[in-house]
Amino acid sequence: MSPSASSPSGAAAPRFAVVGNPENRRVAFFREAVRAAGLEPARVVSWLQVLRGEAEFEPGDTVRIDSPGEDAEVERLLRGVDDPTRVEGSARWYAGFLSAVGEVTRAASVAGAEVLTSPGDIASLFDKRLCHGLLAAAEVPVPPSPTSGPDAAEVRGWSDVRALLREHRMPRAFVKLAHGSSASGVLAVETAGPGRVRASTSVERDAQGRLFNSLRVRRYTTEAEVGALVDALAPDGLHIERWLPKASQRGRAADLRIVVVGGRATHAVVRTSLSPMTNLHLGGARGDLDEVRAAVSAVGGCWREALAICERAAACFPGTLCVGVDLLPAAGWRRFAVGEVNAFGDLLPGLTGLPGSGAEGLDTYAAQVAAVLDRTRNDHAVTSPRPPRA
């Protein structure tokens, strides 16, 4: 990958348009990467324009679809709630978001523009059940799940969850909103016999029974409390996975976010936490990647094989340039599984590429710009006529 826009092959430099929320830092980071590559400034098409049917692109645009999050009006239109911290409405959000992505794709097609994420990939990436099923079918290691794939039984509430946990011998499991993100609506559930249930989650329930995302992970210690939460979440769709014991770093549970750009694992960050959720906004902290590599090597493992698992996961979404893969190291650092694959998992400010990745010195956004530039050059080299022989 190269951050430079220069093109010795004579290929026309790409012109970017980014669909996002104009004031969001994700959009700012990407536009800066485009500017640093010496390219024409990236145009911004706002999600509000898309939702109003006003999205327009230009012939030859390369269209990046970015997160619709962190905008109260966009959230209201997609989820139908006035408070963006509310948990409910993820199924409505999913339907609305897929429709909006379809509108982006339609408008881009009419203009003769290229989109860097396919609607089919988005549909699977934002449904944990479908995503898990695709990964499992591709023999990517994933936590066992009774709700994997499009044909899994519907989970209608706590009684269904309790029955599935018992049937599949899962005393510890993660119960997740099928269309949630950023740990929204995730419960780490532990059972130990009849009536002995507890759960860790960032979900908070008020006196009216409404659910809110909190920045603090709390514990619910009775089956009645946990059951009430699950019953309230269930109408939006639920996914269940076995809770795999994670490796630890300095006494904290650890996992990794691996960014894969153009099929190559380019960036990695270690996330550690004292709670089952390692998300940085929930009190998680960045760990030491060198220590992870040393721990893997010390038990006879191969760090490159761990990255290859993430590349195999990304390959399940061939129409998408970049994904963030949540890699779960088993206790002891000998084995790895993929927890989730994220369409917008590249927000890792200040992190530069892994040695040997081709993205050394580039952040995640610059690596994506470089990947598009490289692809443009390669496509031009393939299609350019060969000079006649002398």
Side-chain angles (χ1 to χ4, degrees), residues 125 128-149 164-165 168-176 183 186 188-191 200 239-260 263-280 284-317 323-342 345 354-357:
L125 287 164
K128 298 183 194 303
R129 301 161 299 192
L130 298 179
C131 182
H132 192 284
L134 281 175
L135 296 172
E139 298 185 349
V140 175
V142 288
S145 168
T147 56
S148 178
L164 287 169
L165 296 183
H168 292 269
R169 298 182 180 179
M170 292 185 180
R172 302 170 82 237
F174 281 97
V175 179
K176 305 178 178 182
V186 173
V189 177
E190 301 172 86
T191 62
S200 299
H239 175 59
I240 302 169
E241 294 177 355
R242 185 181 298 277
W243 179 350
L244 301 179
K246 288 181 183 177
S248 63
Q249 185 175 96
R250 303 184 189 185
R252 297 165 63 92
D255 63 16
L256 299 104
R257 167 65 59 83
I258 309 293
V259 176
V260 181
R264 258 180 117 170
T266 57
H267 297 73
V269 65
V270 185
R271 307 182 301 183
T272 71
S273 178
L274 294 174
S275 82
M277 276 72 79
T278 58
N279 302 70
L280 300 181
R286 288 194 182 188
D288 189 309
L289 186 60
D290 288 336
E291 287 187 15
V292 168
R293 285 192 285 244
V296 172
S297 178
V299 296
C302 177
W303 171 244
R304 180 59 232 174
E305 289 180 7
L307 296 181
I309 290 172
C310 299
E311 291 171 350
R312 285 165 51 201
C316 294
F317 308 96
V323 295
V325 180
D326 289 347
L327 188 65
L328 313 179
W333 296 101
R334 290 184 180 275
R335 297 182 308 278
F336 294 86
V338 171
E340 296 187 11
V341 183
N342 306 271
L354 293 165
S357 68

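All residue numbers refer to positions in the sequence shown, counting from 1.
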Rounded to the nearest 0.5 Å, what's the gap from [atom1] on [X] to [atom2] on [Y]? Could you check?
{"X": "I258", "Y": "H267", "atom1": "CD1", "atom2": "NE2", "value": "11.0 Å"}
{"X": "K176", "Y": "H239", "atom1": "NZ", "atom2": "NE2", "value": "6.0 Å"}
{"X": "L327", "Y": "R257", "atom1": "CG", "atom2": "CZ", "value": "11.0 Å"}
{"X": "L307", "Y": "C302", "atom1": "CG", "atom2": "SG", "value": "8.5 Å"}
{"X": "C316", "Y": "L125", "atom1": "SG", "atom2": "CG", "value": "10.0 Å"}
{"X": "L244", "Y": "F336", "atom1": "CG", "atom2": "CZ", "value": "12.5 Å"}

Does [X] reach the main-chain N or O of [Y] with its side chain, forming a donor-acceptor pair under 3.5 Å?
{"X": "D326", "Y": "G339", "result": "no"}
{"X": "H132", "Y": "P143", "result": "yes"}
{"X": "R264", "Y": "S357", "result": "yes"}
{"X": "T272", "Y": "A285", "result": "yes"}
{"X": "R334", "Y": "V299", "result": "yes"}
{"X": "S148", "Y": "G133", "result": "yes"}

Is any side-chain N of the basic residue among K128 and E241 closer than 4.0 Å to the acidic one's carboxylate O?
no
Salt bridge (Lys or Arg N to Asp or Glu O under 4.0 Å) between E311 and R304, intermediate numbers included:
CA-CA 10 Å; E311 291 171 350; R304 180 59 232 174; 2.6 Å; yes
Could you check whether any side-chain heavy atom of [X] comes within less than 4.5 Å of a side-chain heavy atom of [Y], counting everything from C-beta outward?
{"X": "P329", "Y": "D255", "answer": "yes"}
{"X": "S275", "Y": "S200", "answer": "no"}
{"X": "E340", "Y": "C131", "answer": "no"}
{"X": "V270", "Y": "E291", "answer": "no"}
{"X": "I309", "Y": "V140", "answer": "yes"}
{"X": "W243", "Y": "E190", "answer": "yes"}

Around atom CZ of R312, are there more than 12 heavy atoms of other residues, nucleotides or ligands at under 6.0 Å?
yes
List the atom of [X], the atom of [Y], and the distance in Å for their closest heavy-atom pair.
{"X": "R293", "Y": "L354", "value": "NH1-CD2, 4.0 Å"}
{"X": "V259", "Y": "G345", "value": "CG2-O, 3.6 Å"}
{"X": "T278", "Y": "A253", "value": "CG2-O, 4.0 Å"}
{"X": "F317", "Y": "L135", "value": "CE1-CD2, 4.4 Å"}
{"X": "P146", "Y": "M170", "value": "CD-CE, 3.8 Å"}

Residue that, paired with V260, satisfies side-chain contact (heavy atoms from CB on, under 4.5 Å) out of V341, T266, V325:
V325
CA sep, side-chain torsions, deciding dist, call: H168, I240, side-chain contact (heavy atoms from CB on, under 4.5 Å)
CA-CA 11 Å; H168 292 269; I240 302 169; over 6 Å; no
